[in-house]
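In the text below, chain A, chain B and the rest are named by the order of the sequence lines, each starting its count at 1.
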Amino acid sequence: MKRRMLPSIPQSLTVFAFWLLMAQEVSPASIAMALLLAWLMPLLAARLEREFAQLGRLGGGVRLTGRLLFDIVLANITVARQVLGPESRLQSQFVWVPLDLTNIHGISALASICTLTPGTVSAELSEDRRWLLLHCLSVRDPDALVIQIKTRYETPLREIFP
Amino acid sequence: MSTVVELVVVALLVIGCFFTLLGGIAMVKLSDFFRRLHGPAKSSTLGVGCILIASIVYHWVNGSGVHPRELLITVFLFLTAPISAHLMSRAALSLMDDRPPHPDRTPDPDGATVDRDDPAPPEH
Amino acid sequence: MLELLIALPFVLALAVALSANASRRTSAVLAGLVPLIGLGLLAAMAGDVFDGEILRASYSWIPEAGLDFSLRVDGLAWTFALLVLGIGGLVVLYGHYYLSAKDSPRRFFTYLLLFMGAMLGMVIAGNLLLLAVFWELTSISSFLLIGFWSHRQDARQGARMALTITGMGGLALLGGVLLIGRIVGSYDLDVVLASGDLIRASHLYPWALALVLLGIFTKSAQFPFHFWLPHAMAAPTPVSAYLHSATMVKAGVFLLARLHPALAGTDLFFYVVTSVGATTLLVGAWFAIFQHDLKGLLAYSTISHLGLITLLFGLSTEMAVVAGLFHILNHATFKASLFMAAGIIDHECGTRDMRRLGNLRRYMPMTSVLAIVASLAMAGIPLLNGFLSKEMFFAEALEIGGHGTMRIIISIAALLAGIFGIAYSLRFVHDTFFGNGPRALDVVPHEPPRWMRIPVGVLAILCVVVGMVPALTIGPMLRTMVGGTLGPAAPEFSLSVWHGLNLPLMMSVASLVFGVALYFGLRRLLDFHAVITRSIGRNVFHVNVEALFALARRFTARVANGSLQRSLFLMIVVGVVLAGAPMLGGTWSLLAGLGPSQPLSAVGWGLWALLLAATIGTVLVHRKRLTALIVIGAVGLAVSLVFVYLSAPDLALTQLLVEMVTIALMMMALNYLPKESKVSRRRLHKLRDVGLAVVAGGGLAVLAYAMMLSPADTISSELLVRALPEAYGRNVVNVTLVDFRGFDTFGEIAVFGVAALVVHALLRWARLRPDEVIPGPPAQLPIAADLTQLLFPLALTVSIYLFLRGHNAPGGGFIAGLVFAVPVLVKYVLQGARAVEATFGFDYIRGIAIGLLLAVLGGVGSWWFGLPYMTSGHLDLELPLIGMLPLASALVFDTGVYVVVFAGTLLMLSTMGTVKHRQAREEAR
Amino acid sequence: MEFAIATAIGVLAGSGLYLMLRARTFDVILGLTLLSYATNLMIFAAGRPVVGKPPVLRDGVAHTLANYSDPLPQALVLTAIVIAFAMTAVAVVVAMREHADLHTDHVDGEEPDEEQRGGMR
Amino acid sequence: MNHLPVLPVLVPLVTGAILLLLERRHRSSVLRLWAWVGMAALLAVAVSLVVQVQRQDMLVYLLGDWPARLGITLMVDRLSALMVLTTTLLAIPCLLYACAGWDKRALHFHALFQMQLAGLNGAFLTGDLFNLFVFFEVMLIASYGLLLSGARGARIKAGMHYVVFNIAASVVFLLALGLLYGMLGTLNMTEMAARIAVAPPERTLLIQAGAGLLLLVFCAKAALLPLYLWLPEAYARAPAAVAALFTVMTKVGLYAVLRVFTLMFGENAGPLANLAWDWLLPAGAATIVLAALGVIGAPRLRIGVAYLVLLSAGTLFVAFSLANAGAISAGLYYLAHSVFVSAALFLLADIIQRHRGCNGDYLMPIASMPNKTLPAALFLIAAVSIAGLPPLSGFVGKLQLLNAVPEAQMGWIWTVILGSSLMTIIGLSRSGTRLFWRVDTAPVDMPPPPLRRSEIAATVLLLAYGIAMTLFAGPVLRYTDAAAAQLLDVDTYIQVLRDTAPLIREPSP
Amino acid sequence: MIDIAIVAGMHLVGLAMVLALWRLLRGPTAPDRILALDTLYISAIAQLILFGMLLDTEVYFEAALIIAMLGFVGTVVLSKYVIRRDIVE
Ligand code: NA
Ligand code: NA
């Protein structure tokens, strides 16, 4: 019943916040509208989705976000150096990262994070969903990178997406 | 408008524009598609993000009200940029002749190599 | 009474045509009723007409054109009507027996009655235009009659030739009649006939005369248009007897008589008509001698006699007119009987070739006697009617006044014609009825059924009676006829067989002697039967018509060669010419006196460079299609940015969204099209196209530049002022779309919806083969698909936001509809059509319908308040807790827009995404 | 600025016309797309474009053409964009069908003689 | 409030939408029933419009109650009403013919048909130049659908040309609209006329360029030389009922020429007065000549008929270019006539095509044509009529036209018009004799398809229109005379439009 | 000072766009061009936001939002084409 009426609480929440942000006012009318949409939009979306992401513990999420923001800023600077410097110094290569995550939402999140953090772009997911192919702009020790990604991002993600 | 805020806005703008431009430079300068991909995939995203935040602050302080709506664009960008990059790499990979060998399918001791191009049946 | 007379043939024609199961006899009886009743009516009118009265009946038909349905019977019309109905009656009788079992009498009599009606209408028309109408009707119905035996090549050709020639004449006549109407100011025959002086004095007279004469000459088979007549002999003989003796060909000379008071009396008339008549007279007579076909001989003889009549009218003296009219009657009598006799011979012997005939008097004595009498009348032997009018002709030829040379020429022509006439008549008689017996016939000839012979007999007897006692028999009628033709100018004349021993008689005698000599001389000198005369006119006609067809075919194929590029090229050229025409005075004058231009910032110039570079880039890479699509995406983006920069956010939004959907559609299409364009080898074409494109583009730039710097004077200020108070919206563009110019948007969504339907209709049942099939299962894009999960509800929310706020901020139904459609597109791309459609479950077609109905509904609401369609209303709804909810009626309309756009876009995308594939194997089959 | 707009219109139109005169359906459709950009700009230009004055009414600013750009041409262009899209969609599908039915993407439904002959040689 | 002027658009549009809704769930008989209900309603509307304009001269309908120049105005004068009625009358037999079976084979046929009518009627009624463009597009997009739905092979190719050519023309239309709005600042045709009349001389050059482009568009749609090359194939390939309906499509272009270049660039237009006619007269005459050649050279009957449509367009261009009331009136009469008769010929050509089996309507091969009496009779009537031979409607039209030619131009115009009649006679007599008069004893493999009653009825109805126009030529011509006179009286249009005040809103200053 | 920064920023972003355009026209591969187009879209957002700051208006927000959305959609469609040619399977 709950699944039918409210297929995805996270989505509902997002839509609710989204509407209020867009409407730029917090009046009874706009809240009513936001509630209406928060209920309707996921229902409509449910007609298109096979499964919605179900979240586990969110505590890790906050920490992860903070870490992510920091990494984004920090590593952007690295990339800037690498791009502006001589190209010959770059040691680009592909790296396959073995995955412990099985939840597709988790995998997606990990792929996104890898892309957003500089130096790596997630290029492909193997068909069995057990390997993620990354392209690294400049890497000396691929194994270290793999370990870093697995500990820094995959572990918290496994908590969020059980 | 206080100087501090002004400075913050200017700083955000400078950072934002710098990274945006960096994305462009990366694209022109680097020699290989996958290298070029790094620039826009994150630098530009970050750059635009900074500019958007600058805009929020600017409008807020400038008296024309809070416009947190720009945040939506930022969220949107950060959500979509990885997907775009991912898809573009898949596209580039599909055009590549020497794709990185799949770790599971590397030549095993028996010598039976399986090429990825083989029309292997989907796993599920 | 006149009405009844004219209605009769048409009504009965219809009756015959509709009597599907009637017997042959019934058809004939129905057809026979027309002449029977018609003659009765004529008899009833006879008293008044012979007293010189003119009977009239008039109905207004098309007063704007001066075309009244007015009928007018005077002496001339009455006599011709008599001819039409009298001979018509005989032909019906004859035809009933003539037609074989295979021929449909229903069809035959329908056509015949149609023709009879047309002819009758022509002679009793009281309005020149009406006359022209019936004139053309005779052409059309005679076409059907000549082509009656449509399975025969000669019949088809003859019919078409006759129609072409007489149709041309008819059109010329129409022109002539219109000119006369212009000169006189009326088409009423009474008025026209009374305005002879006015007409002759007009500067349009030569043209009017030429056009009318063209009509007359073609119809009456005058040289050089005579050649259609022999070929019309492919018609069944009753038709020839009717059309080519008494009626159709007489229409021309009838008109010559009818308009004589109006047109004759000038030198132009005299010379043209006389010389054409004389030429025709001789040419016809000469060729008649060499025909082997009985009907061919009669046809050429008819031509000759028509020439004679024309010549007489050309002479224009009163007595010449009398002679002409007289000869019309005489010729009709003997020629109709001769045609019928020829038909009998054909019917009984199975051939009309005189080389195989002969000595028929032994087999069909009665018919032979009648035919010989008629041919002697044709030859102009005394005591027969033909003699009388020929004598009058000789007399008139000798008495031409004021034209010395003409007199000699015409006199000699007359004598020669007399000689030839004797010769061909003799041939007709001798080769058919005398000499050696028939050769190689399949049947033994015998007399025809009695009722077939009777019409011939009646006519032959008439020849004799008129020839012997003209004054008593034909005198009064001829007098009435002359009176009707010439009106008050009609001369007194006496008809008698013996005029004394005078020059005309000498000429008759001489022609008899020389004619006999000529016939036998030619027989001796030449091997008559071997001479095959070819009709030069026919050949010329055929060559010309065939050349015309070939030319038309070739020319049309050359011009309309099915090249789209040519069409478009011409369009651009015309556009350059039409829009460039005002610039011929100098481009600078266009650019002079313009206002100051606005400065453009560096960013603006950057945008400009972006736009131009991307545009030119598109052209340069256009052969590589994927690349071109990517680059054109940049053009679209640049244009959108231009719109943003220049204060048009709504435009930018729409442009971007539409651009995206377009690219998606084109990508889908590209799957079924070659990846690259083939190289065209026509370098010259390419240069030409570049040149034209540069000129057109440059011209447009100049126009745009001049326009932008001209002072503006627009009603838009009023839109700005009235948008908020009266249409309750701040975004004036949206207000314009849904309110001021809502009807445009209404049409626009109709276009959009229909476009989607067209796409659907084109692809629903089609099977297409992809240009390239990449092996393997559908691509799995799990990460992308997963991440877009959140995007979908967000995009939907944005869509609703844009929709609700569109009246006051950039957005609105259209944009919102597309924003709704685009994430679904992403779903299609990332998850595949089947997965989406299995769960999404919208009927897009019904969506379009519902959207359109909503849009209508949004406009119709105002009708309740007695206001025009689409008048917007406004309501501030006070809701508990929520507060004021402003509602504009335009919102309903905009909802319609929203739904149509969403459903339409998705119908297109899903149709294109779910195209059924055709395998190479299927193709081979 | 007017010069920039005018030249943009000219270049877009010229490019569009050139592509429209090509012999392949897809090229023609590309040409029509460029051409419709040119027309849209032309109509838009009729409103005498200015920078930074969108016709979205604000309070406290007089509702005149001095403060807002001309909304009417914008509405017209909107309609024109939509209609051009509808037409393009149809043209695209017709091109697909032509290729499927006639096995060529030449606009005239058959390869021109010269190229056929060239192929035979 | 009299809502009649907007109904010719709304009725078919709503009918079309309803038909779309019903399409999936219901059998074709239900669809047909609804289509006929819509047609009946439309006919009632069209007739009442004609009646009302005769009583009232002009109906002006301010959509949205906005003053004429702010919003969109529908303007129904005699010309508009005539065009709407003609279209409706034409549509009835076309629908009848399609209901014999084609409507089941072409997806969305009924909806597209109604949309086409909505587009046509909208184009005839609107008083706004941009709205005219929009309805042109409605009409065109529906015509693409009608032409292409259920199409294969050669028809697709013809469709490609038709679509691309018309898109290009629409582009030019928009360019012209941009220029004209830029120079005149309004889109209401009457208001534009008023502004052109007082335009300062330095602006006339640009206005003239705009006018030239407009002329190009209308002539392209009306298929004037040299812009007619698209027409023969498109019309010859279209399904019969659709081709028949299309006969009115070229007339929309002609209507637009007449409307715009009498109202906006007519007598009152100062230096731009009577801008178009000097171009159009010779072009129209040349079109006649080329079309006549096309009629003669046509390898198929339907191509010949397509050229006849072209020929009538040329004739109408000549008529309208003479720009006097008589000629325009004659043209309007001729327009209605040619629409009906050429439609009848298209239907006949289709009947013939089907009965001659694989030989279709090709004129060269000999093929039997069973059951030919009735088609032959109908063909004869149609041929006589279209050739302008007496006594049918074509004759009346041409007669009036010839009458209206001023003396100075009489010689060559008469030659062209009468000459075209002759060529038509030559061409059609050949077609007729080849189709109907050739041997009918050829072996028949299959029993010929029966003549469907509704198809024959549709053809007969079309020809009956023509005959009725002949019998009642007087009243019809009185109407067209009044229409032409009204059309040339531009001042009244301007006056009426400016005097028509909104019901509740303030009028424009 | 902010205004100067904004204008300077617009120039820088404009420069970024020109660089992206160069890659767009240059290629060499389709993914390169797709990437360039994507970058153009993203830079356009930046440009729009800067422009809104310059004019002190929020009227360009919707446009920026839509550009963000569509840049993504375009990339998805084009990439899918390169991967499979059949963008909707
Ligand atoms: Na809007
Ligand atoms: Na619109």
Side-chain angles (χ1 to χ4, degrees), chain C residues 62-65 133 136 150-151 156 160 163-164 167-168 171 175 178 549 552-553 555-556 560 564 567-568 570-571 574-575 578-579 581-582 590 593 703 706-707 713-715 718 739-741 743-744 747 750-751 754-755 757-758 761-762 764 845-846 849 852-853 856 866-871, chain E residues 1 6 14 17 20-21 62-65 69 71-72 107-108 115 131 134-135 137-138 141-142 144-145 148-149 161 165 168 172 182 185-186 202 205-206 208-209 212-213 216 226-227 229-230 232 293-294 296-297 389-391 399-400 402 414 418 421-422 425-426 429 433 437 439 473-474 477:
Chain C
I62 314 177
E64 285 73 15
V133 168
E136 285 288 38
S150 58
H151 53 279
R156 292 197 300 267
R160 273 174 53 201
L163 181 67
T164 306
M168 176 181 75
L171 293 169
L178 287 175
F549 277 113
R553 207 164 33 239
F555 183 77
T556 307
L564 177 64
S567 288
L568 295 173
L570 285 173
M571 189 198 282
V574 173
L578 283 176
L590 200 65
L703 288 176
M707 174 184 76
D713 171 22
T714 164
I715 51 133
E718 219 176 318
D739 202 329
F740 291 117
R741 300 189 65 86
F743 210 50
D744 274 350
V751 171
V754 174
L757 292 179
V758 177
L762 265 166
R764 183 71 187 87
I845 295 174
R846 301 189 79 171
L852 284 175
L853 288 176
V856 174
L867 292 171
Y869 186 65
M870 284 195 147
T871 308
Chain E
M1 184 74 213
V6 76
V14 169
L20 268 187
L21 275 182
L62 303 176
L63 285 159
D65 203 32
R69 60 181 202 169
I72 290 171
L107 205 53
H108 307 311
M115 293 294 176
N131 199 235
V134 171
F135 279 105
E137 299 305 306
V138 175
I141 195 93
Y144 302 158
L148 293 169
S149 186
H161 285 202
F165 186 84
V172 180
T186 178
E202 69 270 14
L205 286 181
L206 282 170
Q208 189 184 346
L213 290 178
L216 164 63
L227 306 168
L229 301 178
W230 59 273
L293 283 177
I296 288 186
L389 289 185
L399 175 66
Q400 280 298 76
L402 294 175
W414 280 24
L418 293 174
S421 280
L422 179 64
I425 295 172
I426 294 176
S429 65
T433 48
W437 278 5
V439 279
L477 282 171

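Within the 4.5 Å cutoff, the side chain of E/Leu21 has no heavy atoms near those of the C/Ile845 side chain. The shortest distance between side-chain heavy atoms of E/Asn131 and E/Leu63 does not fall below 4.5 Å. Annotation: side chain of E/Trp230 is not in contact with side chain of C/Leu568 (no heavy-atom distance under 4.5 Å). Side-chain contact between C/Met571 and E/Phe165: present, with at least one pair of heavy atoms (C-beta onward) separated by less than 4.5 Å.
Heavy atoms of E/Pro226 lying under 4.5 Å from chain C belong to its backbone as well as its side chain. Heavy atoms of E/Leu62 lying under 4.5 Å from chain C belong exclusively to its backbone. Contact of C/Val133 with chain E is made through backbone and side chain together, with heavy-atom distances under 4.5 Å. Proximity to chain C is limited to the side chain of E/Val6, based on heavy atoms less than 4.5 angstrom apart. Within the 4.5 angstrom heavy-atom criterion, only side-chain atoms of C/Phe555, from C-beta onward, approach chain E. Only the side chain of E/His108 comes within contact range of chain C, judged by heavy atoms closer than 4.5 Å. With a threshold of 4.5 angstrom between heavy atoms, E/Gln400 approaches chain C through side-chain atoms but not through N, CA, C or O. C/Leu570 touches chain E through backbone and side chain together, each having a heavy atom under 4.5 Å away.
Partners of C/Phe743 by ring-ring contact (aromatic ring centres under 6.0 Å, His included), not counting sequence neighbours, listed by chain and number: C/Phe746, E/Phe135. Under the rule for a side chain to side chain contact (heavy atoms under 4.5 Å, CB included), the partners of E/Thr186 that lie at least two apart in sequence or sit in another chain are C/Ile715, E/Arg69, E/Asn188, E/Glu191, E/Met192, E/Arg195.
The candidate from C/Leu762, C/Asp713, C/Leu852 with the greatest count of non-hydrogen atom pairs under 4.5 Å with chain E is C/Asp713. Ranking E/Ile296, E/Ile425, E/Ile426, E/Leu402 against chain C, the residue ahead of the rest is E/Ile296, based on heavy-atom pairs under 4.5 Å. Comparing C/Glu136, C/Glu718, C/Met168 by heavy-atom pairs within less than 4.5 Å of chain E, the highest count is held by C/Glu718. With chain E as partner, the option from C/Leu171, C/Thr556, C/Val758 having the largest number of non-hydrogen pairs under 4.5 angstrom is C/Leu171. Comparing C/Ala761, C/Ala552, C/Pro868, C/Ala579 by how many heavy-atom pairs each has under 4.5 Å with chain E, the most go to C/Pro868.
Put simply, the side chain of C/Arg156 gets close to the backbone of C/Ser150: a donor and an acceptor are under 3.5 Å apart.
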